[in-house]
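Read through the structure below, which is laid out as structure tokens, and then see the notes.
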Amino acid sequence: MGPGLATASPAPVASSRVVTRGEAGRADKACATPRISRRVATQASSSSTAARRVRLGASPSPTSTIVSSRASRRVRPAAASLLDDPIEARPPNEPSADLLNEDLAPVAPAQRTFTTYDIAALWIGLVVCVPAYTLAGSVIDLGMSAAQGIACIAIANLIVLLPMVLNGHAGCKYGVPFPVLARSAFGIKGANVPAVMRALVGCGWFGIQTHVGGQAIFAIACAALKLSTAGVASAHLVPALGISSYELLCYVAFWAAQVAVVVKGIESIRVVEKYAAPVLIVLCVSLFVWAYAAAGGLGAMLSSPSAFVVGGPKEGQFLSVFLPMITAVVGFWATLSLNISDFTRYATSQKAQFKGQTIGLPFFMAAFSFMSVAITSCSAVIFGTAVADPVALLAKADGGPLTTAVAMGGLLVATLSTNIAANIVAPANAFVNLAPSKLSFRAGGITTAVLGTAILPWRLMADASGYIFVWLIGYSALLGPIAGIMIADYFLVRRRTLDVDALYESGEGTAYWYENGFNTRAMWAFAAGVAPNVPGFALSAGIVPAAAAQSLRVSFPGAIRAFDVVYGYAWFVGFFVGAGLYLALMRGESRAGENEEVLYTA
């Protein structure tokens with residue numbers, strides 16, 4: 001025994017095992033001993049290194065004490081690294097009926113099917129999509145050279161890879177989805193706050209991506225019938241909806257195709273991503289080769305100088321654009337950085353989720369960005385004007401009905417593979433978490449699809465002026481603090497050890513009940529993380545009228561400039577403020593918590 005443990009009983013020890021506090025509580029209950037809450041037990045123990053021994057099948061000894069995580073590590077050394085942590089997923093013991101169903105239950109090792117290839121393929125399917133394609137073009141439009149723009153996107157994706165891998169660690173180790181994982185930091189009921197916020201952003205993205213897919217179907221149909229897309233759309237416009245009846249019909253068709261995949265469950269999504277990845281790579285390369293050949297080279301855009309060079313129209317303004325753009329690209333994947341555990345819970349090992357994400361996200365995002373910039377550059381030579389929208393580009397290509405159909409079909413595959421993985425899984429799990437006993441993953445997915453349509457996404461896409469500085473940075477300001485709090489909780493407060501039983505328990509005395517199901521310290525940390533970004537968002541989103549905003553800029557130039565600068569780093573500000581304050585507020589808590597273990601000997 002290591003130091004700090006009580007003297008062992010002289011009786012022979014036949015075997016021993018380590019069990020969690022949740023099991024200890026149930027053992028105490030079985031022995032007719034009243035259950036003691038964590039707070040009371042912590043106060044009652046004379047030191048965090050005291051030890052409690054309970055003989056199996058016997059009443060607890062009066063000299064029983066609690067083993068702290070620090071002491072227990074002397075007996076059972078921690079894993080050498082994050083990637084060596086074993087999978088500890090198991091069914092919870094005596095869970096509350098209203099906190100568990102088959103969709104929220106931990107995924108056991110025998111049920112894991114996501115290998116390194118599957119995780120990488122998932123990311124390829126996520127990366128190759130219309131918003132990611134247009135994102136690269138947006139960087140160039142802001143004045144960066146092609147090299148600066150691609151470097152900006154690559155750097156941002158390397159940054160966002162870190163929270164991806166860190167949040168993915170808990171999902172892989174314990175097999176739990178994002179809403180369940182959030183219970184550790186935010187509380188059993190409080191977890192619904194970050195989960196629903198993530199869900200609402202996902203619903204918005206689902207509608208936008210579904211509209212993109214519907215437009216691809218519409219373009220295919222018009223090309224096959226040799227009709228003008230603009231002519232058909234204007235001739236059959238439904239003014240009340242802001243979309244033509246034929247476009248709406250195509251939207252519904254693509255909507256139904258996605259829902260059909262979702263109702264078959266997560267395994268069907270894995271299969272779609274697995275086979276979509278190589279198809280998307282081939283189609284991207286084919287489009288790149290066509291554009292290069294048709295333009296006779298890569299065009300002038302790749303060789304155009306930066307607008308920020310000496311003598312350029314934006315001389316000296318590079319950092320004022322580069323840094324907010326880093327935040328915007330991080331914000332692009334901020335949603336997935338929260339709920340990546342929804343996928344890594346199916347990973348076969350920590351190494352599989354780490355390698356798959358490392359291969360799939362930074363490398364392919366940079367490669368895809370290069371292709372999108374190069375193809376857009378070539379389009380300026382081919383058509384006389386740069387065409388950044390791939391749907392419009394394929395419609396202009398006029399390679400014949402068959403070629404257009406194949407190209408648009410590839411676009412449909414890209415959109416579908418992105419949408420069902422990025423924008424349905426997380427909202428579906430979040431809605432299930434609201435009422436596990438009443439909702440299933442399928443019902444949550446359908447709810448997501450309905451809400452995503454209710455926002456009329458085609459109207460949102462009609463005005464793209466605020467795509468980066470309002471939409472992407474705006475919601476990153478909300479999601480940054482959540483990511484910071486969850487990572488700080490799991491790695492620094494819990495030290496990578498969770499009480500699986502307590503994640504599915506409610507009521508006083510359970511580890512994650514806090515104050516009536518809410519960890520108010522996490523809520524305050526979240527609010528503090530969001531607060532610095534509110535003024536900048538109000539100014540960027542037009543919430544403050546233009547005349548009033550201009551007056552404020554004249555009267556308080558220093559303060560307004562500070563708000564703009566802070567908002568430009570919204571995700572980072574929220575992440576570090578949220579994490580820092582959460583750690584400070586949790587300082588008085590026993591760090592052992594669920595790490596406290598009871599050593600049973602017999």
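Positions are given from 1 along the sequence.
Considering only heavy atoms from C-beta on, M486 comes within 4.5 Å of F178 through its side chain. Side-chain atoms of L248 and V238, non-hydrogen and from C-beta on, never get closer than 4.5 Å to each other. By the 4.5 Å heavy-atom criterion applied to side chains, K173 and I87 are not counted as neighbours. Counting heavy atoms from C-beta on, the side chains of T348 and F114 never come closer than 4.5 Å. A heavy-atom distance below 4.5 Å is not found between the side chains of F431 and I446. Using a 4.5 Å cut-off on side-chain heavy atoms (C-beta onward), I340 and Q357 make contact. Looking only at side-chain heavy atoms (C-beta outward), T134 and P390 come within less than 4.5 Å of each other. Side chains of T497 and R494 form no contact here, defined as non-hydrogen atoms less than 4.5 Å apart.
Between F288 and F370, the ring-plane angle classifies as tilted under the 30° and 60° cut-offs. Note on ring orientation: taking the six-membered ring where Trp is involved, the planes of Y490 and Y174 are perpendicular (angle over 60°, cut-offs 30° and 60°). Using the six-membered ring where Trp is involved, W205 and Y475 have ring planes that are perpendicular, over 60° apart on the 30 and 60° scheme.
A donor atom on one side chain and an acceptor atom on the other are not found under 3.5 Å apart for N101 and S437. A donor-acceptor contact closer than 3.5 angstrom links the side chains of S184 and D489. Looking only at atom types and distance, the side chain of E515 has a donor-acceptor partner in the side chain of T520 under 3.5 Å away.
Electrostatic pairing of R90 and D501 counts as a salt bridge here, judged by a charged N lying under 4.0 Å from a carboxylate O.
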Does Y251 form a ring pair (Phe, Tyr, Trp, His ring centres under 6.0 Å) with W458? I'd like the steps, not just the answer.
CA-CA 10 Å; Y251 176 94; W458 47 86; 5.4 Å; yes

May I have the step-by-step check of ring pair (Phe, Tyr, Trp, His ring centres under 6.0 Å) for W571 and F575, ending in yes or no?
CA-CA 6 Å; W571 188 88; F575 182 95; 5.0 Å; yes

Decide yes or no on side chain to side chain donor-acceptor pair (under 3.5 Å) for N419 and Q258, but give the supporting numbers first.
CA-CA 8 Å; N419 220 15; Q258 295 173 100; 2.7 Å; yes

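Checking each of L104, V262, V263 against F441 for a side-chain contact (heavy atoms from CB on, under 4.5 Å) leaves exactly one that passes, namely V262.
With a 6.0 Å radius and a threshold of 12 heavy atoms from other residues, nucleotides or ligands, Y246 has its OH atom at or below the threshold.
Both the sub-6.0 Å distance and the 45° axial angle are satisfied by R183 relative to the ring of Y504.
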Donor-acceptor list for residues 190-203 side chains, cut-off 3.5 Å, not counting sequence neighbours:
{"residue": "N192", "atom": "OD1", "partner": "N433", "partner atom": "ND2", "Å": "2.9"}
{"residue": "N192", "atom": "ND2", "partner": "K189", "partner atom": "O", "Å": "3.3"}
{"residue": "R198", "atom": "NE", "partner": "T335", "partner atom": "O", "Å": "3.0"}
{"residue": "R198", "atom": "NE", "partner": "N339", "partner atom": "OD1", "Å": "2.8"}
{"residue": "R198", "atom": "NH2", "partner": "N339", "partner atom": "OD1", "Å": "3.0"}
{"residue": "R198", "atom": "NH2", "partner": "A422", "partner atom": "O", "Å": "2.8"}

